[in-house]
Structures are given as C-alpha cells and as structure tokens.
Amino acid sequence: MSVFDVLKERNFIQQMTHEDEIKELLEKEKVTFYIGFDPTADSLHVGHFLQLMVMAHMQRAGHRPIALIGGGTAMVGDPTGKTDMRKMLTKEEIFHNAEAFKRQMSRFIDFSDGKAILANNADWLLNLNYVEFLRDIGIHFSVNKMLTAECFKTRLERGLSFLEFNYMLMQAYDFLMLNKEYGCVLQMGGDDQWSNILAGVDLVRRKEGKQAYGMTFTLLTTSEGKKMGKTEKGAIWLDADKTPPYDFYQYWRNIDDSDVEKCLSLLTFLPMDEVRRLGSLKDKEINEAKKVLAYEVTKLVHGVDEAEKAKKAAEALFEGSGDLSNVPTSTITSNMLGSNLLDVLVKTGIIPSKSEGRRLITQGGLYVNDENVKDINAIVTEDMFRQGYMLLRRGKKSYNKIILQ
RNA sequence: GGAGGGAUACCCAAGUGGCUAAAGGGGGCAGACUGUAAAUCUGUUGGCUGGUGCCUUCGAUGGUUCGAAUCCAUCUCCCUCCA
C-alpha cells in the first residue's frame, strides 16, 4: 500500500493539483516535499501536529521531507483565515520561536543523514532586493487573480494591508527556492493554504518550466466546525511546560464522541482496522476508544513515560485505582496550616481569585478529599492531609493534589 | 488631503448626566441528568469583603459637575464616502 493510499484511507487529503500524477509520483519515486511552519508562537500546537503526522507518514514511505520554518514569512504574517491583522512580531521573537520549533520537530521527524531537511526561509527572504524581486517574481502575479483567492476575500471586507498581501508571493518564492535548491516538487499544507500552494506551483512552472505539485489536507476541526486544539485557556501546545502532559491527555480523553474516529485516524499510527473498530463503539463503550486515543497521542507527543503517567493519574482519579502519584501536584509548607483554604488555593494558582473560590464553594463545586466544602471560611488543617497530601477537586473532573512539606 | 461614523467587560452588542459593576446574546464556570461525551434545564460570570460596604473598569489624557461610560478639549487607533 503506497503512502498515497495511506493518506487517502486515513482521510488526510483534501485537495490536489494533479491527483493521478501525484499518486504515480509517490508510488514510483522518492519525492522531496515541503511543509511550511510560521514561527508565530514559541511552541508548536495541535494543528501543527497533524502536519507532522503527514510528514512522518511520508518519511516512513521513503520520501524526503523539508520542514520549512517561516522565519521570513512570519515577518509579514499570513492573512489567511484571520479577520484582522495580527500583531507584528519582532525579529528576536521570531528567531526565538524558530529555535523552539526546531527542537520540537526533531522529536517527530528524523533529520539524521539527510533523511529530512530543516530549512528557514529567512535565509533567502530577508536579503531580497525589492526592485529585483518585483521584476523577477512580481511580474508573474496578477493582482486581479490574487484578489479572487478565497484567502483574501474576507480580508477585503475588513481591510488588508499591502504587507500581508505580499505573503502569497513570498510563499510562492519559497517553493521556487526549494525546487531549485533541493529538487522539491511537492508542497503540502492545511487546506487553508490552497491558494498559496497554487501560487507556488504556478511560479515554479513559469520560472523553471518544471511541473510541481500541491496537496492539502483536512484541517483539524471538531464536528461543529471549530478549530480543534483550542480551549478557553488557549491552544493545546506540544510543549510540556505550556500544556502539561496530564492536561494534554485529558483534552483527548474528553473529545466529542463524533470526533474520535477522525482523531484516531489522523493523529495516531494505529492500523485503520483498529481505528474503525474503536470508532464504531457506541455509548459508554466509546470511552475505551477515547482512552486509546488519549494514550496514543500523548505517547507520540510526550513519549511513553509521560503517557503512562497521565493514564495512571486518570485511572486513579476517575476509576479509583488508587495510585495518585502522577496527579498534578502543588506543594505548601506547614506554616500555611491554619490559613484560609481559599487563600492557599489562590496562592498555589489552583483558583484565580478568592471571589471565584467563594463562588465555587457557594455553588457546591469544591471538594477536599471527596468531601464537599460548604464553608467559605474553611481553614486548612493537618488532618486534611492523609499520607502527606490532600486531594482537591473542582467541579466534576478537575483535580489537584496538594502536598504538605 | 476633505467629509462623516466608530472604539463598552473573554467575544458580539445595548446604554447618551445619578436608579450602571453596566441590558441582551455567545462563551466560560458550577449544579441537575450522564459515560470524564453531546444535547437539555438551573444558577453564576471584575477584585477585596462573613454580610453592610469599599476599590478598579466603558480607547488614552486632561477638564466641567455634588455626581460622567454618558458633557467638553486634546490625542491614538479603526471604518465609510470623496480626492
């Protein structure tokens, strides 16, 4: 089974420039392809993870990925899918983010022995000469045509700066450079990148007279069409400091029933037979599938050890298996005994303010060692700590362990 | 460059001198129901305070007033039309 069929079966593929040629190419040759990542934050997130999965599938099949870090394009900012221009990042921020991206990517892609290439478009974009670029590249772009691109449509209503308008040219230029430098013939990306990818394919054809290809894959959205991987607290990050593995695991454990099969297919390497079996489970049974999903994705992103810990913690808290050693933990010192419980919780960052804590207690949502706290003025006492810790619960499923030191 | 319109809490949006910590909706949080799901229903949603109350907040700064999100001045940003 070729990687083309794998991607197809797992429902990655959304659009392609030349379906038959791409299929044949991927079956017969070792293809150098690229996916771009703009370093607009200091960690990759779940959306990027989907792209990394594609890269991994492709690499397993013997193709050569180029992970292109958009150190240059991030200076401009991709207007796609945004209703407003986002705040401009400084060179320093972008550089710092790019370094973080590099570190994280090497966990998913094997960059050894030239099996994959890590490039940064800052290397060629930052030193471009304006007039030369216009004459050389700009000549091939029709503004009329660009304006019809879906990615600019919404922005034409709200306002689009000339800066951002140029993003498409830069991304097209990237493809051209990678084609010349590494023989890269295929650009992949999220479906929102379709028009940018087409621009690159066109440019390679015009400048080099060579055929290039583009493919987009499914955006990771929930069944309600919202971007997946976002919570009220912000994005789900791949960085363990920004999203602890326990929280990461819980995110997937609590995914909608209707999204389970999709996620298993896109975000794990489980065989499709198994994916389909798990996805077809009904009612309570589907919780088994969610556990598998949470474990597998956490394993890929944070490693086996962290996945095991997150799983054990979940079992302890929700299934009473007793081993609480991996539950998210805060520490207090014994001089805090006798303090107001809410003060302690604010201090440890478990609740954001005392008002919110009071509200929580008033509404019956706070538990110490599974006992409902009814008194707003509850005091922290030593007998709350059994075997050195207290188990705190907010609402149904948010747990913290507090250790007395 | 000229004319006009706008900026309100996490988001959308009402409010044009005191009754406004600020309607309504969305989102969030909590409760009920459940399967750590969804849908539904109920409550809640600036901070401090046991409660009374106090403090900060309606783009920014300064002013008028007993009293300002609301009136005035200056500034910043956004939008529309004309050039």
Side-chain angles (χ1 to χ4, degrees), chain A residues 79 82-88 154-161 163-164 221-236 244-264 278-295 297-298 310-321 324 326-328 339-347 349-368 370-379 391-400:
Chain A
K82 315 243 162 19
T83 50
D84 294 297
M85 188 168 145
R86 83 171 111 205
K87 114 180 197 303
M88 277 217 246
T154 50
R155 290 304 297 277
L156 284 174
E157 286 158 27
R158 296 288 307 251
L160 172 72
S161 66
L163 173 81
E164 294 172 285
T221 52
T222 65
S223 51
E224 283 156 11
K226 290 192 204 125
K227 260 193 191 168
M228 204 178 272
K230 298 254 188 233
T231 67
E232 276 51 49
K233 289 177 196 125
I236 301 292
Y246 174 80
D247 293 343
F248 188 86
Y249 179 97
Q250 285 297 319
Y251 178 80
W252 302 108
R253 176 63 186 81
N254 282 307
I255 211 95
D256 268 32
D257 287 7
S258 50
D259 294 324
V260 171
E261 184 165 333
K262 179 179 184 175
C263 289
L264 282 167
L278 289 167
S280 65
L281 293 173
K282 290 277 176 285
D283 302 324
K284 276 188 183 180
E285 299 286 300
I286 200 159
N287 280 322
E288 291 311 309
K290 293 186 189 182
K291 285 180 200 169
V292 174
L293 172 69
Y295 181 80
V297 180
T298 308
K311 186 177 158 208
K312 289 228 172 75
E315 284 167 357
L317 295 171
F318 295 101
E319 293 166 26
S321 79
L324 289 167
N326 298 306
V327 173
S339 316
N340 193 298
L341 175 64
L342 289 180
D343 283 328
V344 172
L345 296 185
V346 170
K347 207 159 251 169
I350 291 171
I351 54 172
S353 71
K354 286 183 80 173
S355 293
E356 191 149 326
R358 259 185 225 111
R359 214 172 287 139
L360 201 59
I361 291 177
T362 312
Q363 299 185 129
L366 189 71
Y367 299 79
V368 166
D370 269 321
E371 244 176 79
N372 197 267
V373 178
K374 295 203 175 67
D375 181 9
I376 287 178
N377 297 309
I379 299 296
L391 186 65
L392 191 97
R393 190 173 109 221
R394 280 165 300 147
K396 292 232 162 18
K397 53 194 184 190
S398 179
Y399 287 93
N400 288 82

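Here is the naming used below: chain letters follow the sequence lines, and residue numbers restart at 1 for every chain. The structure displayed is predicted, hence computed values, not measured ones.
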- prompt: Taking atom CZ of A:Arg253 and atom CG of A:Leu293, what is their separation to the nearest 0.5 Å?
  reply: 10.0 Å

statement: Pairing partner of B:G4, by Watson-Crick or G-U wobble and under 3.5 Å for both distances, is B:C79

task: Let me know the distance between CD of A:Glu285 and C1' of B:U34, rounded to the nearest Å.
output: 16 Å

- request: Under the side chain to side chain contact (heavy atoms under 4.5 Å, CB included) rule, what do A:Asp257 and A:Lys290 come out as? Steps first, then yes or no, please.
  value: CA-CA 8 Å; A:Asp257 287 7; A:Lys290 293 186 189 182; 2.7 Å; yes

- request: Provide, to the nearest angstrom, the distance between the NZ atom belonging to A:Lys284 and the C1' atom belonging to B:G35.
  value: 6 Å

- request: Look through every strand shown and name the nucleotide pairing with B:U56 as Watson-Crick or G-U wobble, where both distances are under 3.5 Å.
  value: none

message: Measure OH/A:Tyr399 against P/B:U36 and give the value in whole Å, please.
response: 10 Å

field: Rounded distance in Å between the C1' positions of B:G4 and B:G18
entry: 32 Å

- prompt: Atom CD of A:Glu288 and atom C1' of B:G35: how far apart are they, to the nearest Å?
  reply: 11 Å

task: List the steps and the verdict of side chain to side chain contact (heavy atoms under 4.5 Å, CB included) for A:Leu281 and A:Val260.
output: CA-CA 10 Å; A:Leu281 293 173; A:Val260 171; over 6 Å; no

- prompt: Which of the following nucleotides, B:G35, B:A38, B:U36, is nearest to the side chain of A:Lys290?
  reply: B:G35

- prompt: Across the strands shown, which category fits A:Leu317 at heavy-atom distances under 4.0 angstrom: base, sugar-phosphate, nothing?
  reply: nothing

task: Please state how far atom CG in A:Leu281 lies from atom P in B:A37, giving the value in whole angstrom units.
output: 17 Å

query: Which value, in whole Å, describes the distance between the P atoms of nucleotides B:G25 and B:G46?
result: 15 Å

task: Nearest 0.5 Å please: distance from the CG atom of A:Leu341 over to the CD1 atom of A:Ile350.
output: 9.0 Å

- prompt: Which value, in whole Å, describes the distance between the C1' atoms of nucleotides B:A13 and B:G27?
  reply: 14 Å

message: Going by purine N1 to pyrimidine N3 plus the second Watson-Crick contact, or the G-U wobble pair, all under 3.5 Å, which nucleotide sits opposite B:C33?
response: none

query: Taking CZ from A:Arg253 and P from B:A38, how many angstroms apart are they, rounded to a whole number?
result: 11 Å

- prompt: Does a salt bridge link A:Lys291 with A:Glu288, judged by any charged N lying under 4.0 Å from a carboxylate O?
  reply: yes

- request: Sticking with atom C1', work out how far B:C79 lies from B:G47, rounded to a whole angstrom.
  value: 35 Å

query: With rounding to whole Å, what would you report as the distance between B:C58 and B:A69 at their P atoms?
result: 8 Å

Contact nearer the 5' end of RNA chain B, comparing A:Glu315 with A:Gly395: A:Gly395

query: If we take the C1' atom in both B:G26 and B:A9, what is their distance in whole Å?
result: 14 Å

query: Side-chain N or O of A:Lys396 less than 4.0 angstrom from OP1 or OP2 on B:A32?
result: yes

statement: Paired to B:A22 by Watson-Crick or G-U wobble criteria (both distances under 3.5 Å) is none

- prompt: Can you tell me if A:Glu164 and A:Ser161 form a side-chain donor-acceptor pair at under 3.5 Å?
  reply: yes

statement: Between CD of A:Gln363 and P of B:G43 the distance, given in whole Å, is 11 Å

- request: Under the side chain to side chain contact (heavy atoms under 4.5 Å, CB included) rule, what do A:Asn377 and A:Asn340 come out as? Steps first, then yes or no, please.
  value: CA-CA 6 Å; A:Asn377 297 309; A:Asn340 193 298; 4.0 Å; yes

field: Per-nucleotide protein contact string for nucleotides 45-50 of chain B (B base, S sugar-phosphate only, - none; heavy atom under 4.0 Å)
entry: S-SSBS

- line: For B:G27, the nucleotide meeting Watson-Crick or G-U wobble distances (both under 3.5 Å) is B:U45

message: Restricting to side-chain hydrogen bond (donor to acceptor under 3.5 Å, both in side chains), what partner residues turn up for A:Asn400, sequence neighbours left out?
response: A:Arg394

message: Show, in sequence, the C-alpha distance, side-chain angles and deciding distance for A:Tyr399 and A:Gln250, and conclude whether the side chain to side chain contact (heavy atoms under 4.5 Å, CB included) test is met.
response: CA-CA 11 Å; A:Tyr399 287 93; A:Gln250 285 297 319; over 6 Å; no

- request: Determine the Euclidean distance between corresponding C1' atoms of B:C19 and B:A23; express it in Å to zero decimal places.
  value: 14 Å

- request: Using the C1' atom as the reference point in each nucleotide, state the distance between B:U76 and B:A39 in Å, no decimals.
  value: 46 Å

- request: Please state how far atom NZ in A:Lys397 lies from atom P in B:C29, giving the value in whole angstrom units.
  value: 9 Å

message: Strictly by Watson-Crick or wobble contacts shorter than 3.5 Å, is anything paired with B:A14, and which nucleotide is it?
response: none

